[in-house]
Amino acid sequence: MFLFNLTENEALNLEKLKNKEILITGGSGFIGIWLTQLLLYLNDKFNFNVKLYLVARNEDSEISSIMVNRKDVTFIKSDIRNLREFPKNISYIIHAATSPDNRVYMSNPIESMDIIANGTKSVMENALQLENLEKVINLSSGQIYGALNSHNISEDDFGKLNSNSITAIYPEAKRYAETLTNAYRSLHKVPVVQVRPFSFIGPYMSLNKPWAVNNFIRDALKFKNIRILGNGKPVRSYMYPTDMALWILNILVHGQVGAAYNLGSDMGVSLEEVALKIKNIIGSSVNIDILNMNDNCSEFVPNIDHVKQELGLNITVDIDEALKRSIDWFSKNSL
Amino acid sequence: MTSKIKLYDVTLRDGSHAISHQLSEQQIEAYAQLIDKTGIYAIEVGHGNGLGASSVLVGKSKLSDELIIKTAKNNLQNTKLGIHVIPGFATINKDIKNALSWGVDIVRVASHCTEADTTEKHIGYVREKGKEAYGLLMMSHMATPEILLDEAIKMQTYGAEAIVILDSAGSYLPNDVRERISLLSQNLNVPVGFHAHNNLGLAISNSLVAIEAGAQIIDGAVKGFGAGAGNAQLEVLVALLEKMKYNTNIDLYKILDAADMVENKLIKEPISISSLSIVSAIAGVFSGFSKHVKRVSKEFGVDPRDVFMELGHQKIVAGQEDTIIDIAIKLQKRD
């Protein structure tokens, strides 16, 4: 498939996955779709012979179309909280269930926290039954760092997280999930690794998600107008999903049990710069309105030295290329 | 925080309450033509309870939503056109979709102050269509500042580009306003607005307190033409802000012209602080109930002040107008 183009060496780094069975929870979500595509690519191009199980409550159309005529993927339609038994030969688990869409947590806070807490517990209980289990990735969140204003957030930096605020629902539940999986590691020796995703932009995302870059692309493509409420100064970073998927599989194979790894780009970019880049790609007819209604200049960018140094991984798709590929895909598929 | 203040004109929406939603096409046309020359940011039109609200329960509108919106739009070139939307009265497919096609620029999605989660889909839809979406918390005196903040954060997360709190009962003291606006403006990323009612004679001074506390959007109505004792008198606000050296970009003489026109052609009886308005503020009941309470009290031969006090005791909110009759019957039996 056009989305991946791995070298022999990059594939060799993942060779441990050959002939293994891998289970991904949240299989029809953004991360699940990209991991599925990478694993199927490895099967097709490098004969990995991976057998893949996807667990999700609903089989969305994107994942259905990817699975057409594939015998190496099995879809298990289930709420992760209710799944009592995993296929017995699973060697690797990537626990990616739960959406980071804050609207869901605002409208359904109790159910959402329950999915994270008891969904994670269910994964761990099932993991205990697996004789061939080699590694479990718990996909946590960059939001567990709380209120940090930094362009260099490393895995040991923790800011304030006010548990008495409605904004704490998602990050607090994710912190609980990290602590819970580490408790299973401590007590039952479940080989757990924590991965903390930051921000992404790329195909298969919804442009209606409540994140600035998604809305900028949507509004630029549909209405030729980008509205920035504040001063455009807040700095974020965006990872392209081909890098994201490759990093997750590398962490799955080589990550140290008990360690935590940031997953994201360290190339900070202001919202105004993002808007200008989008305008440059789509064309000069796009108007950018900076409304200056607040003075927010916050920065939220991960330090990714841990991954770079320990696993030798890099960002291969920069923000310009990520936006270009994304806009190309969205203009054909998503509007 | 920046010192930009946007004045938002609710004369042709809140004023509908004052004349039982009987605005004529000619009145809308004449007002829109005058206001368009003033430099006011936006005007809001419609039934007092917003889009789709015309009904036996809350009062039938003389004109259809379509005619009101199209008439206003046809006479506006500079000033934006807004509407008030309460989920339940207005639905996305039946009402909002059409309203946007008739040229509405701003949709202000309102809920009772503790029910922000009813606004998620409406706000999301407006944003997906590239229009401005605000979140409004009505009867905001019924929630603590902390709960208001939670509800405001929900609306911000759903995509609201401003949060306006409404003193629907006109019962706020200046400190109530200061406390709430300060908390919201310090904790939200979007501008905060304030919508006053004049039941206790504080609409103008509370609006100034709101500005001092960080509000960037202030609602007002020319001649105070709004429900009950009316809103903050817009032309007074303009004059005061000019005197206080705020740059509103509004032409004072032209807004005074609009005020004279409203006095001559829209208002049947001057907006004043009636005895009932004072009682409704003390009881903490929505100002728009006045006409219903007066009518029902007369019919059942009970003291309308007792009806308001009982409505306040039962914490009745807009949309529960049918309770007025139940209370009148109860009081009649007691007497």
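Every chain is numbered from 1 and lettered A, B, ... according to where its sequence line falls, protein lines coming before strand lines. The structure presented is a predicted model; accordingly, all values stated were derived computationally and were not measured.
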**Asked** If you measure from the Lys or Arg side-chain nitrogens to the Asp or Glu carboxylate oxygens, is any gap between A/R218 and B/E128 under 4.0 Å?
**Response** no

**Message:** Other residues, nucleotides and ligands only: do more than 12 of their heavy atoms fall within 6.0 Å of NZ on A/K279?
**Reply:** yes

**Request:** Report the distance from atom NZ of B/K154 to atom CG of A/N102, rounding to the nearest 0.5 Å.
**Result:** 12.5 Å

**Message:** Looking only at heavy atoms and a cut-off of under 4.5 Å, which of B/N189, B/N187, B/D117 has the most pairs with chain A?
**Reply:** B/N189

**Message:** Less than 4.5 Å apart, side chain to side chain, heavy atoms only: is that true for B/V190 and A/M293?
**Reply:** no

**Asked** chain B heavy atoms under 4.5 Å from A/D219: which part of the residue, side chain, backbone, both or neither?
**Response** side chain

**Complete:** Okay, B/E132 and chain A: the region with an atom under 4.5 Å from a heavy atom over there is both

**Item:** Segment of B/K121 engaging chain A (4.5 angstrom heavy-atom cut-off)
**Value:** neither

**Request:** State, to 0.1 Å, how close B/T157 and A/M106 come at their nearest heavy-atom pair, and which atoms those are.
**Result:** OG1-CE, 3.5 Å

**Request:** Give a yes-or-no answer on whether the side chains of A/S107 and B/Y158 include a donor-acceptor pair shorter than 3.5 Å.
**Result:** yes

**Prompt:** Hey, is the main chain of B/G159 close enough, under 3.5 Å, to the side chain of A/R103 for a donor-acceptor pair?
**Reply:** no

**Asked** chain B heavy atoms under 4.5 Å from A/D101: which part of the residue, side chain, backbone, both or neither?
**Response** neither

**Item:** For chain A, which residues of residues 76-107 of chain B have heavy atoms nearer than 4.5 angstrom
**Value:** none

**Qualifying residue for side chain to side chain contact (heavy atoms under 4.5 Å, CB included) with B/D150, from A/T167, A/I166, A/N164** = A/I166

